[in-house]
Protein chains: 2
Amino acid sequence: MAQTAERTLSPRRAELVAAAARLFSERGYHGTSMKHLADSLGMLKGSLYAHIGSKEELLYEVVDEGAERFLTRAHAASTMEGTASDRLEAFLVGHIETAIEHLDAATVFLNEWRYLSHDLRAAVQDKRDTYEGLVRGIVTDGISSGEFRADADIAMTARLVLSAGNWVYAWYRPDGSLSPTEIGHRYTESIVRGLKTERTRTPAGAGGETEVAL
Amino acid sequence: MAQTAERTLSPRRAELVAAAARLFSERGYHGTSMKHLADSLGMLKGSLYAHIGSKEELLYEVVDEGAERFLTRAHAASTMEGTASDRLEAFLVGHIETAIEHLDAATVFLNEWRYLSHDLRAAVQDKRDTYEGLVRGIVTDGISSGEFRADADIAMTARLVLSAGNWVYAWYRPDGSLSPTEIGHRYTESIVRGLKTERTRTPAGAGGETEVAL
DNA sequence: GATTCACAAACAAACGGTCGTTTGGTCACT
DNA sequence: AGTGACCAAACGACCGTTTGTTTGTGAATC
């Protein structure tokens with residue numbers, strides 16, 4: 001009855017998902033019509049359905065792709081050797097690099113995922129919970145080992161880290177003077193400095209001015 | 001020809017704007033139809049146009065109302081007596097309190113403003129720039145007075161503050177155990193601790209666990 | 001000769017918005 | 001008290017357009 005949406009193969013389908021990521025991030029899910037999508041690929045909207053099952057399926061694919069990228073990097077950071085500070089830094093740098101390198105998918109992952117219908121949204125929510133759990137784990141480790149202050153608020157600290165990383169998409173412009181890695185390092189330094197028990201201050205260079213962007 | 005949309009008077013119109021704020025924040029601007037709005041007020045969509053000029057006018061009203069609230073609180077924090085730390089704290093606490101007390105309008109202000117057409121969007125952008133300028137001013141003052149580290153990155157620090165505050169809407173639930181004020185204080189402490197030149201550590205109580213929410 | 005892929009046309013439903021009409025209530029005037 | 005003018009507010013049908021999706025057809029590719 002319904003034509004099966006062949007999984008991930010087909011290069012043309014990948015183009016579709018990429019175009020959807022760009023449009024959804026620019027105009028939002030509900031603000032993007034199938035005609036917009038088709039126009040951006042030089043075809044008619046009806047033709048899209050040779051590659052996909054529905055508009056929502058497309059949204060899910062973009063969102064899930066974003067979630068997987070974040071999780072992969074986060075898992076690597078969580079399990080690597082080193083102090084909790086090292087891992088927290090690797091986590092945040094990885095988060096910000098991922099967000100910037102795939103700005104479209106990351107924006108959609110952060111902003112449009114809530115428009116998924118119940119079941120698909122729940123699947124994404126699971127991954128988000130897992131992700132936040134990884135940050136909390138690192139912070140908890142740092143406290144256990146005496147590296148971080150014992151009275152640090154774990155949930156609040158984790159959210160501060162994620163908030164910093166999650167808002168990058170809102171102000172980052174590719175023509176800025178700082179690299180993603182550099183941004184990640186600076187954010188981490190600010191946060192970790194406040195977390196540590198003893199002072200292990202690393203000198204930080206003064207950066208150039210950048211334009212105002214909230 | 002076009003019926004003039006009477007400014008801000010009319011209590012019924014205010015109800016309309018409030019209902020729009022709630023719906024726009026829940027379903028997004030493009031995801032909310034005029035029929036949704038009318039239904040939520042128990043009237044027909046055609047009747048809405050006795051009070052408003054267009055859907056976009058409604059969006060602008062919600063967004064601008066949000067912007068004004070943030071700006072008012074921020075201006076008060078910026079001009080108050082005290083150290084830069086005090087003002088930075090007042091700023092962030094005010095930001096978070098405002099965001100939570102008017103969660104709907106704040107969410108729309110942060111997420112949906114970009115769907116305004118060019119001119120209206122530019123007006124909002126101005127206010128956002130002003131807002132960010134206020135944070136930077138406080139950080140700059142702190143550096144000048146020797147209160148904050150001389151090598152602190154002003155733009156980055158300002159963004160860290162705003163990011164923390166701007167993401168609150170995404171995880172805050174009214175039934176949580178922490179008050180808006182408490183949340184603001186904890187965030188500020190984490191950030192300011194990393195900014196200060198000498199240690200002026202204030203003891204912080206360990207908070208209760210809260211549920212996972214990204 | 002089967003499979004891909006896009007076209008072209010059509011679909012019902014929903015979109016934002018308009019408009020002439022009806023409603024319920026409040027006036028001033030008799 | 002009764003009457004008619006006035007008025008904001010809501011109705012309800014309708015506008016033209018766009019929405020996401022389906023389907024039958026035909027050209028190209030393997």
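Protein chains get the first letters and strands the later ones, always in sequence-line order, with residue 1 at the start of each.
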Worksheet item: Between D:dT18 atom P and A:Met34 atom CE, what is the distance in whole Å?
Response: 17 Å
Item to complete: Quickly work out the B:Ile52 CD1 to C:dT18 C1' distance and round it to whole Å.
Response: 13 Å
Worksheet, complete the sentence: From CG of B:Leu16 across to C1' of D:dA10 the rounded distance in Å is 12 Å
Worksheet item: For C:dC5, does either OP1 or OP2 sit under 4.0 Å from a side-chain N or O belonging to A:Ser47?
Response: no
Discussion item. How many whole angstroms separate atom NZ of A:Lys45 from atom C1' of C:dA9?
Written reply: 11 Å
Worksheet item: Starting at CG of A:Leu48 and ending at C1' of D:dT21, how long is that distance when rounded to a whole Å?
Response: 11 Å
Discussion item. Looking at C:dC15, I'd like to know if its phosphate oxygens (OP1 or OP2) sit under 4.0 Å from a side-chain N or O belonging to B:Ser33.
Written reply: yes
Worksheet, complete the sentence: Whole-Å distance, B:Arg27 CZ to C:dC15 C1', equals 14 Å
Item to complete: Select from A:His30 and B:Gly42 the residue whose nearest nucleotide in DNA chain D is closer to the 5' end of that strand.
Response: B:Gly42
Response to the item:
Distance col, row B:Leu37:CG vs B:Arg27:CZ, nearest 0.5 angstrom, shows 10.5 Å
Worksheet entry | Chi angles and distances behind the side chain to side chain donor-acceptor pair (under 3.5 Å) call for A:Thr83, A:Asp86 | CA-CA 5 Å; A:Thr83 65; A:Asp86 291 341; 3.2 Å; yes
Worksheet entry | Closest to side chain of B:Lys35, choosing from C:dC15, D:dG20, C:dA8 | C:dC15
Discussion item. Tell me whether the rings of A:Phe70 and A:Tyr131 are parallel (<30°), tilted (30 to 60°) or perpendicular (>60°).
Written reply: perpendicular
Discussion item. Expressed as a whole number of angstroms, how long is the span from A:Leu41:CG to C:dA6:C1'?
Written reply: 12 Å
Discussion item. Just N and O in the side chain of A:Arg13: are any of them under 4.0 Å from OP1 or OP2 of C:dC5?
Written reply: no
Worksheet item: Roughly how many Å is it from CG in B:Asp39 to P in D:dG12, rounded to a whole number?
Response: 13 Å
Discussion item. Let's go through B:Asn111 and B:Tyr29 carefully: what are the C-alpha distance in whole Å and the side-chain angles of both, what is the deciding distance for side chain to side chain donor-acceptor pair (under 3.5 Å) to 0.1 Å, and is it a yes or a no?
Written reply: CA-CA 9 Å; B:Asn111 285 320; B:Tyr29 175 65; over 6 Å; no
Worksheet item: Below 4.0 angstrom from OP1 or OP2 of D:dT21, is there any side-chain N or O of A:Tyr49?
Response: yes
Practice prompt. Output yes when at least one side-chain N/O atom of A:His51 is less than 4.0 Å from OP1 or OP2 of C:dA6, else no.
Written response: yes
Discussion item. Quick check: any donor-acceptor pair below 3.5 Å linking the side-chain of B:Lys55 to the base of C:dG17?
Written reply: no
Fill in: Six-ring centre of A:Trp167, B:Arg159 cation under 6.0 angstrom, axis tolerance 45°
no
